[in-house]
A.B. asks: 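Quick one: the structure is below, questions incoming.
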Amino acid sequence: MDRTGSRYVVSVAGETHDVVVGVDGKVVIDGDAHEASLSGSGLARLRTLLLDGKPWAVCAEIRSRGFWEFELDGDRVSAEVLDARAARVRSLSAGAGSERGVAALKAPMPGLVVQVAVETGEIVEPGAAVVIVEAMKMENELRATAAGRVGRILVAPGEAVEKGQTLVEFGEVERK
Amino acid sequence: MDRTGSRYVVSVAGETHDVVVGVDGKVVIDGDAHEASLSGSGLARLRTLLLDGKPWAVCAEIRSRGFWEFELDGDRVSAEVLDARAARVRSLSAGAGSERGVAALKAPMPGLVVQVAVETGEIVEPGAAVVIVEAMKMENELRATAAGRVGRILVAPGEAVEKGQTLVEFGEVERK
Amino acid sequence: MIESVLVANRGEIALRVIRGARELGIRTVAVFSEADRDSPHVVHADEAVLIGPATASRSYLDIGKVLRAAHTTGAVAVHPGYGFLAERADFAGAVVDAGLVFVGPAAETIRAMGDKTEARRRMADAGVPVVPGTTTPLGSGSEAREVASEVGLPVVLKAAAGGGGKGMRVVRRLDEVAAAFDAAAREARAAFGDGSVYVERFLECPRHIEVQLFGDGFGNVVHLHERECSIQRRHQKLIEEAPSSLLGPEERREVGEAAVRAARAVNYVGAGTVEFLYQDGEFFFLEMNTRLQVEHPVTEFVTGVDLVEWQFRVASGEAIPMRQSEIPLSGHAIECRVTSESPFDGFLPATGTVRHLAIPGGPGVRWDGGIGVGSEIGLHYDPLLGKLITWASDRELAIMRMKRALAELTIAGVSTCAPLLRRILDESDFLAGRISTAYLTEHPELFDAGLDDASHTAAVAAAALLEHERRAAVPAPRIRRRGVRFSEWRAGTAPWVAPVADGNG
Amino acid sequence: MIESVLVANRGEIALRVIRGARELGIRTVAVFSEADRDSPHVVHADEAVLIGPATASRSYLDIGKVLRAAHTTGAVAVHPGYGFLAERADFAGAVVDAGLVFVGPAAETIRAMGDKTEARRRMADAGVPVVPGTTTPLGSGSEAREVASEVGLPVVLKAAAGGGGKGMRVVRRLDEVAAAFDAAAREARAAFGDGSVYVERFLECPRHIEVQLFGDGFGNVVHLHERECSIQRRHQKLIEEAPSSLLGPEERREVGEAAVRAARAVNYVGAGTVEFLYQDGEFFFLEMNTRLQVEHPVTEFVTGVDLVEWQFRVASGEAIPMRQSEIPLSGHAIECRVTSESPFDGFLPATGTVRHLAIPGGPGVRWDGGIGVGSEIGLHYDPLLGKLITWASDRELAIMRMKRALAELTIAGVSTCAPLLRRILDESDFLAGRISTAYLTEHPELFDAGLDDASHTAAVAAAALLEHERRAAVPAPRIRRRGVRFSEWRAGTAPWVAPVADGNG
């Protein structure tokens, strides 16, 4: 932290911003200076962000280092904050190690598998039903987002699944 | 903790009780067995004590080891909990080192001293005004609880005082 | 007045009933599952009994356990709330057989109205208009297909034992009828233990208008005016109002009288609701709910009547304390259901722990909630976290008040549908009262996720300040983690999630 | 309608006014001191301006700073709330001189009614009965003694600029008059910047009955019925009701008309209240408050009128939207003031941090609060944390509802007067409506501290379980502390704390 303030790279809703937090109540976002202060302290309680005179209710939770989730006047926001150095490291490694050609259908919520509508080796069209999961007494049909060949099927009807659990893997996806 | 449960000595509102917390949801208070459970976990939020089927709202705060302060269905309760060993130590040392013949008037709340109504050496009667403290724009007269001779006066008008701060000491108090 | 009551429910409705009972000096007994030890409905009862694990079939739906809890605690009456056992005739019968008072209508009434096909028959006989369709459950998907082609598409398949949109499917193509029939039957069996399904013509853009009824067994049946519940998604109500902005005094009288006729046809006792669909100037009987409704507070606000108080009075053998002409209708009330669902993500059920709760206050605002700070929001039960209700002298002011109240509401730690509610309250068709059950499908723009510019900037500033504050408070770490971990779900391919057959109701 | 308003206040009333403004689409500007950065009234405004340190004289009472904040933010009107600058004629004048709208009566009206002796003169002239006493401020303690011996003891000394019990002393012995005069003058100077004190005969057991007024400057003056505010301690109201359970229709009409006469005598515009003492069948004018009262919600509940809405309408140049005969009076409302004071400890001011806040909900319940979780309750401002208000169809049910709501209210982390409120609501004289301003001094048993047996046992069990749980969670400490530390205050000799002159009002 130097006299001109601390520099961060903030990502919200897929957009990335350059932010400088000054020592004088100034926050500079992408070059625009704002008056900003955050009241009190403490997570898990309502605090007030005063930004250019306008108050915002903020109730924050930290997910992991630099990852924040908060309610902002009733909207739920996820944000990632890196310092300038970490952001540079990130940009250099982008693209490396990403999976290619393999997709997986994961459970978007915990629930009970009601039906698996595909078989291994089958080719599915975009929008085709793959698995039906029941949660809160409603059936939710999980559909394919793209054409592909069904690989491993990792669940069976009657099985309880956790949020994020892989249900079905797809092999090499041929996009036209 | 043995199979028969953990033994505590609990003081509430000046009364002391022998309490055994069992491993089976039983709490024995002064020999009487009760079904008891405390829901969830965490301080600073409302929890449910279920005692013989009756629910109580509890919001607890720990002041120091063994000292609890909580709201119990809207009543504010202070409690001290010692284990059996600590209670024995306490009972052996009782009376030792207690002050005799000296009393002090302490501020029951933070505030501003408006007036000191006594002088050193003066003998005051029970109920006599000693100090007037203003808090929340109301004047509060602190009076003597017993007859006595005024010793050191530790505050002056205009001075801000903290809760618990000694304002005036009294010398040897002659009780009739 | 009855001396004590066991409330065979959980969440906000259990708390609502307990509040009403306490205000009449009735001793209250709560029952709770292991998932609900810490729930507000437990702590506010005079007595509480654990009746089983989280799974509803082994706790809240277990009639034997509920009756044993009543026996153990000496409760003389049972209030079922809504959902769970509320519309199970066998439960009402078992309560009465156990020598207890059931706070609701007779088992026979529940049975007749709970069988939606039987209800349609009875209403048609009483001269109440019904939607074209079958009056008997269907045997198979192919039979359903036949009926659908007779009645004309689109059709809606409905669970005979149903309610709340469960076991309900709208079908627009003949070749989809059989699959939808199977899904509806499966859902109905899971939800109600009865897979019977029938078919009705599906009205495309009707308004959902329902009438609150009360009967007392002394021959008195009154209505407490109507509610407008057209803002629905997947047949589940989201926003309700009283009165309907659509009806003139003449139509209000007409629909009220039709509802009273329906209630008299089944000798109705207690609180009930007759639901109608209204389209092109015509009312059609939809169903009769033999219980208190989720949305009863809007009626309470415009009439000043405490419906739970009336339930207890009637269950205690008292007559209804007002005549039809004495029941007020004053101002306008709106209710927003706040559920643990992600509205911009296909209404996915959301889970989490309530970390902070700020409840709106001030004039004309009511909150009926079932959660507190620390509540774990899981998937075992209905996603309704609470209901926000406002009243004002007219609809416009009631909406402004609701906007203000929604702005004050904070439930941190779990996604809710509140952001969608806020958008609806700003939308011009809603403000003008141009609504129908198709409203949400006709307004897909309400579901576009994303923050407006001011909120986006505030979010960026808040995130930077939060992280800045954290770094100032915490000494720099010795060991730096390599990279940053995304959640599994964010990193994966987002599946496209949609209900099996998403009707436009 | 005015386009924007600066709310020159804090706490629950600032939030109340902001809510009302938002519901009318009026842009709101909050001001706040450094102690209130995190207050609900700040976050719910559209804009907020820091105006100084915690000390009120350098923030909320600083007219220059308030006006500069209005100028900076472009606010076109100022709402003063109650307290602080609300009854400062110079403030109302400065607002108007700055070209802004003052939401309240004319400076001249405030001046006339704010000077209690001048007010007594004017009312006597208008034929409104006043309590015997002086109509000019007194010069000294000895003069006060002379007047007291003329009027007859007991007397009450009152700040001419006063309100809210500040600068007020009841005296029963002639030799105490001079000392009480000095104390009252000192308090009045500190609270209002004006040490003028006058004297009135003190009525021993009167009821405090006040009438809500509204004038619009078009010649319309209406009353919105009366409030009963007899439950007071040290002249500060604790529980208020509407209507009074004492008055019949004839007396209600009589006192309402007297209040309207009083308002017409000063060409009253906006919301105001005429306070009366009622004893032995007679009403006496006590004072007129030229602002919204703390207890205005009980009137809002029984009339359905939003008084803040009317304030904004009248300030915007509209006429009052109802005639006298159209103003409803329906059911019964009660308000309990929840203050940060230890009622069983001489009403000592209490401080702390709000660690948990559970707000009651359900039908007929309103919470007007100014605190949130994390709020620091200090000694800078009024101890009012919030107001709990209930409505029901009659007084008995409203009281039952209040008992139920108070049982749900939890404010953890600071002592409040709620335990005393609960006891009052169980006390038979209160329940029977046998109340007067002497009620609390006549019921010293309400102040006996201590838990009942069931609560005591629950407290013992809770403490044991909390400590047991803590020990199970935390590994045994290596180093044992010797002995146990009491807080200084508990270990010391408890002083007997009492107000300098504790009147029975």
Side-chain angles (χ1 to χ4, degrees), chain A residues 1 5-6 8 10 12-13 17 19-65 67-79 81 136, chain D residues 4-7 10-11 14-15 18-19 21-22 27-52 54 65 68-75 352-359 369-378 411-414:
Chain A
M1 196 184 307
S6 306
Y8 299 98
V10 179
V12 168
H17 305 271
V19 182
V20 179
V21 178
V23 288
D24 50 354
K26 285 265 189 310
V27 169
V28 182
I29 301 176
D30 297 333
D32 294 333
H34 301 269
E35 296 281 341
S37 70
L38 193 60
S39 73
S41 65
L43 304 177
R45 70 180 189 78
L46 214 58
R47 302 172 60 185
T48 309
L49 166 70
L50 209 59
L51 184 68
D52 300 324
K54 178 167 166 43
W56 298 82
V58 177
C59 187
E61 187 175 21
I62 185 160
R63 285 296 182 192
S64 63
R65 226 175 134 254
F67 277 92
W68 291 89
E69 215 163 82
F70 47 90
E71 268 74 26
L72 178 81
D73 269 14
D75 282 315
R76 213 166 150 80
V77 178
S78 296
V81 188
M136 288 181 173
Chain D
S4 55
V5 66
L6 180 143
V7 182
R10 64 176 299 282
L15 186 54
I18 286 168
R19 284 167 167 161
R22 290 186 74 152
R27 185 169 64 92
T28 53
V29 178
V31 292
F32 63 101
S33 76
E34 277 163 12
D36 284 338
R37 278 183 182 277
D38 214 7
S39 294
H41 87 274
V42 174
V43 76
H44 292 121
D46 295 302
E47 214 167 330
V49 182
L50 175 68
I51 54 163
K65 284 180 177 168
R68 269 196 297 283
H71 182 74
T72 311
T73 57
T353 302
V354 176
R355 289 179 298 113
H356 183 87
L357 184 63
I359 301 298
I371 57 168
V373 172
S375 288
E376 303 283 344
I377 310 304
I411 301 175
V414 60

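Letters A, B, ... are given to chains in the order of the sequence lines, protein chains preceding strands, and every chain is numbered from 1. Please read these numbers as outputs of a predicted model, since none were measured by experiment.
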A.B. asks: Provide the closest heavy-atom pair for D/Val42 versus A/Pro55 in the form atom of the first, atom of the second, distance.
C.D. replies: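 Heavy atoms of D/Val42 and A/Pro55 come nearest at O-CG, 3.1 Å.
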A.B. asks: Using heavy-atom distances under 4.5 Å, tell me whether A/Leu50 contacts chain D through its side chain, its backbone, both, or neither.
C.D. replies: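 Contact with chain D involves the side chain of A/Leu50 alone.
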A.B. asks: How would you list, by chain and number, every residue that makes a side chain to side chain contact (heavy atoms under 4.5 Å, CB included) with A/Val28, sequence neighbours excluded?
C.D. replies: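 Once residues adjacent in sequence are excluded, the partners of A/Val28 under the side chain to side chain contact (heavy atoms under 4.5 Å, CB included) criterion are A/Val20, A/Ala33.
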A.B. asks: Counting distance alone, with no hydrogens or angles, which donor-acceptor pairs between chain A and chain D are under 3.5 Å?
C.D. replies:
from, atom 1, to, atom 2, distance (Å)
A/Ser39, OG, D/Asp38, OD1, 2.5
A/Arg45, NH1, D/Asp38, OD2, 2.9
A/Arg45, NH2, D/Asp38, OD2, 3.3
A/Gly53, O, D/Ala48, N, 2.8

A.B. asks: Test of understanding: with side chain to side chain contact (heavy atoms under 4.5 Å, CB included), list the residues that count as partners of A/Ala79, not counting sequence neighbours.
C.D. replies: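 By the side chain to side chain contact (heavy atoms under 4.5 Å, CB included) rule, A/Ala79 matches A/Val12, A/Phe70, C/Ala463.
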